Amino acid sequence: MAEEKTTILTESGLKKLEEQLDYLISVRRNEVSEQIAIARGFGDLSENAEYDEAKKEQAKVEAEITRLQTTIRTATVVADDEITTEKVSIGTIVKVKDLDEGETYEYAIVGANEADPFSDKISVESPVGQGLQGAKKNQTVTITIPAGTVRYKILSIRKM
């Protein structure tokens, strides 16, 4: 069996995954089972497109349930009381100034499963997340990103 990768999550990230898993098990799984039962009523299964689609959807739902169960089981959860504002780490929100552009940004540092760049939640495993990891207030960091390099000055660090 392949080695399972440990996922780092915040407590809120774990709660979100558990809610998704609960929804898939208690609601979505039943909906798909109903679709299959209805499609069976359409006759010959060998030529039944609705049945085939419902079975494909069932496979997707079951695969996602398995993935979430594995992620939750193997996750390392960073407890809120383990998060410090002394340095940038998972579970912190860091305000930075781009020294080249003059712009100010605020990023929440989260586990890879929680990342949402459109909401300024960046993965601790991303180039920027790795570059900021461990930095302290007033420190300047240079980070290599796909487009080149950026220089950020850490303005503040707070808990999420």
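In this text the structure is predicted, and so the values were computed from the model without any measurement. Sequence positions, counted from 1, serve as the residue numbers for this chain.
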So do [Y] and [X] actually touch side chain to side chain, heavy atoms under 4.5 Å?
{"X": "L68", "Y": "Q20", "value": "yes"}
{"X": "T7", "Y": "T76", "value": "no"}
{"X": "V110", "Y": "V124", "value": "no"}
{"X": "V78", "Y": "I83", "value": "yes"}
{"X": "V94", "Y": "I154", "value": "yes"}
{"X": "T104", "Y": "K95", "value": "yes"}
{"X": "D120", "Y": "Y105", "value": "no"}
{"X": "Y152", "Y": "K97", "value": "no"}

Nearest non-hydrogen partners of [X] and [Y], listed with the distance:
{"X": "Q139", "Y": "G134", "result": "OE1-O, 4.4 Å"}
{"X": "I122", "Y": "A115", "result": "C-CB, 4.5 Å"}
{"X": "T92", "Y": "T84", "result": "CG2-O, 3.5 Å"}
{"X": "T142", "Y": "T149", "result": "CG2-CB, 4.3 Å"}
{"X": "S123", "Y": "A112", "result": "OG-CA, 3.5 Å"}
{"X": "Q133", "Y": "S89", "result": "OE1-CA, 3.8 Å"}

Exercise. Give a yes or no on whether the backbone of E125 and the side-chain of Q130 come within a donor-acceptor separation of less than 3.5 Å.
Key: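 Looks like yes, one N/O pair under 3.5 Å.
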Practice task
Might you work through the salt bridge (charged side-chain N to carboxylate O under 4.0 Å, His left out) test for E31 and R28, ending with a clear yes or no?
Solution key: CA-CA 5 Å; E31 290 173 349; R28 192 69 187 120; 2.8 Å; yes
If you group Ile, Leu, Val, Met, Phe, Trp and Tyr by side-chain heavy-atom gaps below 4.5 Å, do [X] and [Y] land in one group?
{"X": "I109", "Y": "L17", "value": "no"}
{"X": "I93", "Y": "I90", "value": "no"}
{"X": "I36", "Y": "I25", "value": "yes"}

Rounded at 0.5 Å granularity, tell me how far [atom1] in [X] sits from [atom2] in [Y].
{"X": "E57", "Y": "S33", "atom1": "CD", "atom2": "OG", "answer": "11.5 Å"}
{"X": "I157", "Y": "T85", "atom1": "CD1", "atom2": "OG1", "answer": "7.0 Å"}
{"X": "L21", "Y": "E64", "atom1": "CG", "atom2": "CD", "answer": "9.0 Å"}
{"X": "Q69", "Y": "L24", "atom1": "CD", "atom2": "CG", "answer": "9.5 Å"}
{"X": "T71", "Y": "L9", "atom1": "OG1", "atom2": "CG", "answer": "8.0 Å"}
{"X": "I8", "Y": "N113", "atom1": "CD1", "atom2": "CG", "answer": "11.0 Å"}

Cationic N near anionic O, under 4.0 Å, [X] to [Y]:
{"X": "R29", "Y": "E62", "result": "yes"}
{"X": "K55", "Y": "E50", "result": "no"}
{"X": "E19", "Y": "K16", "result": "no"}

*asked:* For E82, is the CD atom crowded, meaning more than 12 foreign heavy atoms sit under 6.0 Å from it?
replied: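 Result for CD/E82: enclosed.
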field: Over 12 foreign heavy atoms within 6.0 Å of CD, E18
entry: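 Result for CD/E18: enclosed.
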*asked:* side chain to side chain contact (heavy atoms under 4.5 Å, CB included), that's the test. Do L155 and V96 meet it? Break it down for me.
replied: CA-CA 5 Å; L155 301 178; V96 298; 5.8 Å; no
Test I143 against I145 for side chain to side chain contact (heavy atoms under 4.5 Å, CB included), laying out the working first. CA-CA 6 Å; I143 304 169; I145 60 171; 4.0 Å; yes
### Task
Might you work through the side chain to side chain contact (heavy atoms under 4.5 Å, CB included) test for E11 and L14, ending with a clear yes or no?
CA-CA 5 Å; E11 288 180 343; L14 177 63; 5.7 Å; no
